[in-house]
Amino acid sequence: MIKKFIRKMLGVKEKQPVRDLTEPIILGAAEHGIDSKLLSSNAIRVTQTLQEAGFKAFVVGGAVRDLLLSVKPKDFDIATDATPEQVKRLFRRAFIIGKRFQIVHVMFGSDLLEVTTFRGAGESSAPKDEHGRVLRDNNFGPQHEDAMRRDFTINAMYYDPATQVVLDYHGGIADIRDKTLRIIGQPEARYREDPVRLLRVVRFAARLGFTIEPHTREPIPVMAPLINNVPAARVFDEMLKLLMSGHALACLQQLRKEGLHHGLLPLLDVVLEQPIGMKFVTLALESTDNRVKAGKGVSPGFLFASLLWHQVVEKWTAYRAAGESPIPALHLAADDVLDSQTEKLALQRKIGSDMRDIWSMQPRFERRNGKAPYKLLEHPRFRAGYDFLLLRCESGEIEMEIGEWWTAFYEGDAVERETLLTTAVAAPAGAKRKRPPRRAPRNRASGEGGDTATTTSTTGSTSGDE
Ligand code: ATP
Ligand code: MG
């Protein structure tokens, strides 16, 4: 009592009771309320197989967080005390992958589960670059050290499907209940070890609607430049997760709010620093968010084709103004944009070729006579090109009519399609008078091109395919 009084007089802070971080809070089914029906049968299969072989095995990380939030996890990560080699031996289709962090991919059909061995606390002795970023770490250890190595308290819980028990080492349950995102350990040090965590905070806060706890939040704008030091491919992966999280727009707004949007990530500059294409990009991200929320697939090629479209349009217009014909002009514009962005954004080759397909299909939608529309329907990426066309219509870049015509043509039967071909041919005659084509197209069939419906407000007429 007297000691307490003297401390108070001297302004010495009372010591907070420190929780033993090697001992988890253990919660049974009645306390955590996880609905076991949300668990995948393959996650149960993997934990069970490992446990039967004498190892510890838990569902871990994002899946436990989502289960606690009554959300069906999109994938399941498993943590175990078995080494990658020991895990691999227990499953027919298992592959050890990764250098920086070795993990095992266990496959059942197309379902993939990531199995990681508990990491030891050796992050401080692991090899690092000159900024403190951990370069390699395959140092294994006990479960409580593994928990310490995870990023946020809500991502550091373990669930055992057999006993239905949750192990919580860092107060994750309380933070889930308070909707708080809190980094484990000393925030600056954790961001320095892995600056990608700066992006992860934002993604989780936006996606879950959680508040970032002040100590976790404060260093973000200061530490932001460290992201430049992370290999581009890894930043790209994280940005892709962000854009495909179903909350892309919210995430981008949050990135701005946290001061992470400017000059750091080339992709964000592309997305956020473009007043002209903003409407198009917003619509594209909204539609991506809706697709993700409806459980539909989203292709990175489509996403990036949308994000970079305004740049293509700008260059396309410039090439045409310089006398190039529309189609070659579009190819040149696509080359320019892909050349300058592929390296910057670490775009994979496959994504680049999908983007090119989607872009180069666009002028072909303007040919609405003869065999051309039928040929376009057979294009292996027709659906993506058509969805992209609809976005252009919605954003006001081109007339709605062209999108409506294609919807009718796409969904119509043989007779309806033939009728549509005649109406599309009839329509341009009047429009042609209003706006003559800039130059006489070489192979124009009667009335093709010059249609107001095929005239873009930002690109000018794109008709007259060569
Ligand atoms: P999502 O639902 O988006 O997959 P997630 O939390 O499962 O979210 P993952 O990238 O799949 O995220 O990672 C799985 C788990 O691995 C995380 O929950 C966290 O415990 C740990 N983890 C992932 N990345 C990091 C990191 N950069 N630093 C520390 N721990 C990480
Ligand atoms: Mg995950």
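The figures that follow rest on heavy atoms only: side chains count, while hydrogens, waters and symmetry mates do not. When a ligand or atom number is given, it counts from 1 through the structure's own listing order.
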Nearest non-hydrogen protein atom, [atom]:
atom: atom 24 (N) of ligand 1; result: Arg200 CZ, 3.2 Å
atom: atom 14 (C) of ligand 1; result: Asp77 OD2, 3.2 Å
atom: atom 3 (O) of ligand 1; result: Arg203 NH1, 2.6 Å
atom: atom 15 (C) of ligand 1; result: Arg150 NH1, 3.7 Å

Next on the checklist: Judged on heavy-atom distance to atom 8 (O) of ligand 1, which of Glu114, Arg197, Arg65 sits nearest?
Outcome noted: Arg65
Checklist entry - When you measure from atom 29 (C) of ligand 1 to each heavy atom in Thr116, Asp151, Ile103, which option holds the nearest one? => result Asp151
Item to check | Test side chain to side chain contact (heavy atoms under 4.5 Å, CB included) applied to Met355 and Leu347, step by step | outcome: CA-CA 10 Å; Met355 291 160 72; Leu347 281 177; 3.9 Å; yes
Checklist entry - So is Gly62 polar-close to ligand 1, meaning N/O to N/O under 3.5 Å? => result yes
Checklist entry - Backbone or side chain, does any N or O of Lys74 fall under 3.5 Å from an N or O of ligand 1? => result yes
With atoms numbered from 1 as shown, which atoms in ligand 1 lie under 4.0 angstrom from a non-hydrogen atom of [X]?
X: Gly61; value: 18 (O)
X: Asp194; value: 26 (C), 27 (N)
X: Lys241; value: 9 (P), 10 (O)
X: Asn155; value: 6 (O), 18 (O), 19 (C), 20 (O)
X: Arg149; value: 29 (C), 30 (N)

Checklist entry - Counting heavy atoms only, which part of Arg207 comes closer than 4.0 Å to ligand 1: side chain, backbone, both or neither? => result side chain
Checklist outcome for this item: So for Phe204 against ligand 1, with non-hydrogen atoms under 4.0 Å, the contacting part is side chain
Item to check | Phe280, Phe365, Phe304 screened by ring pair (Phe, Tyr, Trp, His ring centres under 6.0 Å) with Phe388, the one that passes | outcome: Phe280
Checklist entry - Which heavy atom in Gln102 sits nearest to a heavy atom in Pro84, and how many Å separate them? => result OE1-CG, 3.8 Å
Next on the checklist: Less than 4.0 Å is my threshold; does some heavy atom of Glu193 fall inside it relative to ligand 1?
Outcome noted: no
Item to check | Sidechain-backbone polar pair: Arg203 side chain, Cys251 backbone, donor-acceptor under 3.5 Å | outcome: no
Next on the checklist: So does Val230 get a backbone contact from the side chain of His131, meaning a donor-acceptor N/O pair under 3.5 Å?
Outcome noted: no
Checklist entry - Parallel under 30°, tilted from 30 to 60°, perpendicular over 60°: which one fits the rings of Phe382 and Trp406? => result tilted
Checklist entry - When the ring planes of Tyr158 and Phe118 are compared, do they come out parallel, tilted or perpendicular, using 30° and 60° as the limits? => result perpendicular
Item to check | Asp289 bridged to Lys293 by N-O distance under 4.0 Å | outcome: no
Next on the checklist: What verdict does the salt bridge (Lys or Arg N to Asp or Glu O under 4.0 Å) test give for Asp237 and Lys241, after you've listed the backbone C-alpha separation in whole Å, the side-chain angles of each residue and the deciding distance to 0.1 Å?
Outcome noted: CA-CA 6 Å; Asp237 282 351; Lys241 279 193 187 175; over 6 Å; no
Item to check | Separation of Asp354 CG from Trp359 CH2 (nearest 0.5 Å) | outcome: 11.0 Å
